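Order of appearance sets the numbers: ligands from 1, and atoms from 1 within every ligand. Model, not experiment: these values are computed from the prediction.
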Amino acid sequence: MGCFGATILPFVIVVGAAVAPHANLKRQVSQLRPSYDFVVIGGGTSGLTVANRLSGALASKNTLVIEYGEVRFAPGQFDPPTEWTTPAPDAPPRWTLRSLPNPEMGDRPAVVLAGQAVGGSSTINGMFFDRGSQHDYDAWDQVAGPGPGWNWDSIFPYFKKSVTFTEPSPDVAQLYNYTWDVSAYGGTGPIYSTYSSFQWADQHVLGSAWRDMGVQPTQECAGGHKEGICWVPASQHPVTALRSHAGLGHYANVQPRANYDLLVKHQVVRVVWPNSNPKSGPPLVEVRSLNNNQLFNVTVTGEVILSAGALHTPTVLQRSGIGPESFLQTAGIPVVLDLPGVGSNLQDHSGPMITWNYSQPYDASQFFPLPSEMRNATFKAEATNAFGETPAQGPYTLAGGNSAIFVSLPHLTSSFRQITQKIYQMAAHSTFASYLPADLRTSEPILAGYKEQLLTLASLLEQPSSPSLESPWATSEHPNSQALSFLLHPLSRGTVRLNLSDPLAPPLLDYRAGSNPVDFDMHLAHVRYLRRLLDTPILQALGGFETAPGAAVAADDELLKSYVKEKSFLSFMHPCCTAAMMPKPKGGVVDKKLKVHGAKGLRVVDMSVLPLIPAAHLSATAYAVGEKAADIILGDWS
Ligand SMILES: Cc1cc2nc3c(=O)[nH]c(=O)nc-3n(C[C@H](O)[C@H](O)[C@H](O)COP(=O)(O)OP(=O)(O)OC[C@H]3O[C@@H](n4cnc5c(N)ncnc54)[C@H](O)[C@@H]3O)c2cc1C
Ligand SMILES: *[C@@H]1O[C@H](CO)[C@@H](O)[C@H](O)[C@H]1NC(C)=O
Ligand SMILES: *[C@@H]1O[C@H](CO)[C@@H](O)[C@H](O)[C@H]1NC(C)=O
Ligand SMILES: *[C@@H]1O[C@H](CO)[C@@H](O)[C@H](O)[C@H]1NC(C)=O
Ligand SMILES: *[C@@H]1O[C@H](CO)[C@@H](O)[C@H](O)[C@H]1NC(C)=O
Ligand SMILES: *[C@@H]1O[C@H](CO)[C@@H](O)[C@H](O)[C@H]1NC(C)=O
């Protein structure tokens, strides 16, 4: 396996410094071919997956990827061997978007990052590489309507295809009690995942505590059954331990390839059909040079694949005249297709944390090493040396951590039916309209689609094997003693809209977190459940005591609600669902072949197309969607 290290490491050095990129990397439109068969808008996680697969399978067809950012592969934040929490000086650039204030969350904004480099958000994410539960994809397929499948059985082969998973060695597995099941893997995709040979000495403390609370260890959570205590691999190389991302696996490592071009530092403004007729064939792609602001139309003979991510895909559509009619009119953009779902249906994971402290110092003789040891110069020097070994060893290989609990509503509260009944009632009496964004409350398609989502979610949340809460961890040492609560299936819906004073600027995000009040019922149930951690024998023995929210606050619905409003992270960086795969009469934007309703030669392939956010961090799903999309497109063209 040493050869992998040998091929990746020099690459990082050469391309990270961006010295002499190969000929297929274009920086000016004058370097482009006269036309392209396929143009992919956005060289991110899903987009590069599609571009690699299309250009690899169809040698006679040319593919161009147009990317806003640069080729930047130097290790950045979250990347070994940098400190996990400190951004490296030449970390890949990202957008930092601040949403409008969230009225239900103390008027605080959500702060949302997105990757702005070749590889997209896979170059800056936390490398936590999990898949949703089978229920998530079955629910997606159900609300997406009739047609070829996106249920678990249909997408599982693409999860497998996307990744090469490397098992931990038997002694490492035994040391930490890693469990896995190779039947969830078996693919040889260009993205790598594995388990670190290092864990902090107290990783098992919370594992024991969850078991004391009755959470069951799960052998493998990537095979569709995801409820209980999960080990989750990281998207990193098994030998170098470096980040594995789309910019490497689906671009740099497959170049040079004669029919696969990449244009960087260009913003796609819009797609344009001659005579504004969206049925007339593939559109032109209008790009803007970030260097000199010049506009240029790229000619497309096959089709355009829009993969700018859930925050930017709606901006390209809206600038193209595809979106909610009333909004486009306000913006002064001629309406090409009235699709109210464009930039609507925004979802993300969010939630507060519980925190605790210890009445006595953590016993260092019992636990060595702990994360605080990184302040010990000797330990840190050893860690640096260990990372340089082949294969890489030590704390720098850990990325963010590999463990989380995923708990269903029936397993965390005996009153779960009161919560799901509220959702059924809401759907039956159409009271849900008032929870939608003001300009969508009278849109028949949006109302029909949201009602169907609510009914599907109520039944999803009743499944004992479908998680509602996630809490990840790597250590429980003070001062990092907190357990985050991820609301996995939010009912609130937000919007992404162009900034009318500057349509080329980052969009306006209206997260609307907590706008559907049932989200608070779930947050409260989650926090009350997590608090039980402090009653477990193992945390008691360590002297753990709760610092927030505390018994008095937790006993009172209104106080606990205020706590959630004040403390919640409003984005765990999983925005999605803004060009949803649903039928047009239900507010959908794309059909089950990812084609934009009413348009010819335009598909969307990224995290915008999910109708419902799954119970997972999104990168593994972004690769799987790219893989499956490529097969669908190849089926249409070969
Ligand atoms: C900080 C952070 C941490 C995360 N942590 C995790 C994690 O630990 N595990 C996990 O699984 N997921 C995580 N995620 C989420 C996951 O990485 C993303 O959901 C996923 O990568 C999104 O893939 P995508 O293809 O939809 O979009 P992206 O990968 O974001 O790609 C979109 C691309 O389009 C480009 N673009 C945008 N607009 C234009 C335009 N107009 N013209 C040209 N190009 C354009 C962008 O520059 C970008 O390269 C995290 C995300 C972030 C931001
Ligand atoms: C691993 O599992 C064994 C048997 O269940 C247990 O005795 C041991 O404490 C566990 N070790 C860790 C680090 O969790
Ligand atoms: C691109 O083509 C459209 C439609 O023909 C046209 O309106 C627009 O001006 C063109 N843009 C550029 C930069 O040539
Ligand atoms: C945590 O407890 C320690 C004593 O174990 C104390 O010194 C420290 O101030 C406490 N920190 C907080 C934030 O309560
Ligand atoms: C610092 O790290 C070294 C090397 O691991 C270790 O031997 C030593 O005990 C540590 N010192 C302290 C104070 O933790
Ligand atoms: C919208 O764009 C204008 C002009 O670039 C900018 O000043 C303003 O801050 C943007 N609005 C938001 C909410 O980002």
re atom 4 (C) of ligand 3, the protein heavy-atom contact at minimum distance is Val272 CG1, 3.7 Å

Quick note on ligand 3: atoms under 4.0 Å from a heavy atom of Glu286 include exactly 8 (C), 10 (C), 11 (N), 12 (C), 13 (C)

**Short N or O distance, Met607 and ligand 1, threshold 3.5 Å exclusive** = yes

For Ala117, the ligand 1 atoms with a heavy-atom partner under 4.0 Å come out as 49 (O)

Ranked by distance from atom 7 (O) of ligand 5, the top protein heavy atom is Phe368 CZ, 4.9 Å

Of Ser46, Ala234, Ser619, the one whose closest heavy atom lies nearest atom 12 (N) of ligand 1 is Ser619

Logged contact type for Phe572 with ligand 1, heavy-atom cut-off 4.0 Å, is neither

Of all protein heavy atoms, the one nearest atom 14 (O) of ligand 5 is Glu373 OE2, 2.5 Å

Ranked by distance from atom 3 (C) of ligand 3, the top protein heavy atom is Asn297 ND2, 3.6 Å

Any heavy atom of His266 under 4.0 Å from ligand 1? The part involved is backbone

The closest protein heavy-atom partner of atom 5 (O) of ligand 5 is Glu382 OE1, 3.1 Å

Ligand 1 atoms nearer than 4.0 angstrom to some heavy atom of Ser307 are 32 (C), 33 (C), 34 (O)

Honestly, for Ile66 the part within reach of ligand 1 (heavy atoms, under 4.0 Å) is backbone

Notebook entry, point to check: Okay, side chain of Glu373, backbone of Phe379: is any donor-acceptor separation there less than 3.5 Å?
Noted result: no

When distances are taken from atom 8 (C) of ligand 5, the protein heavy atom at minimum range is Asn376 ND2, 3.7 Å

Check: Going by an N to O cut-off under 4.0 Å, is there a salt bridge joining Asp130 and Lys226?
Finding: yes

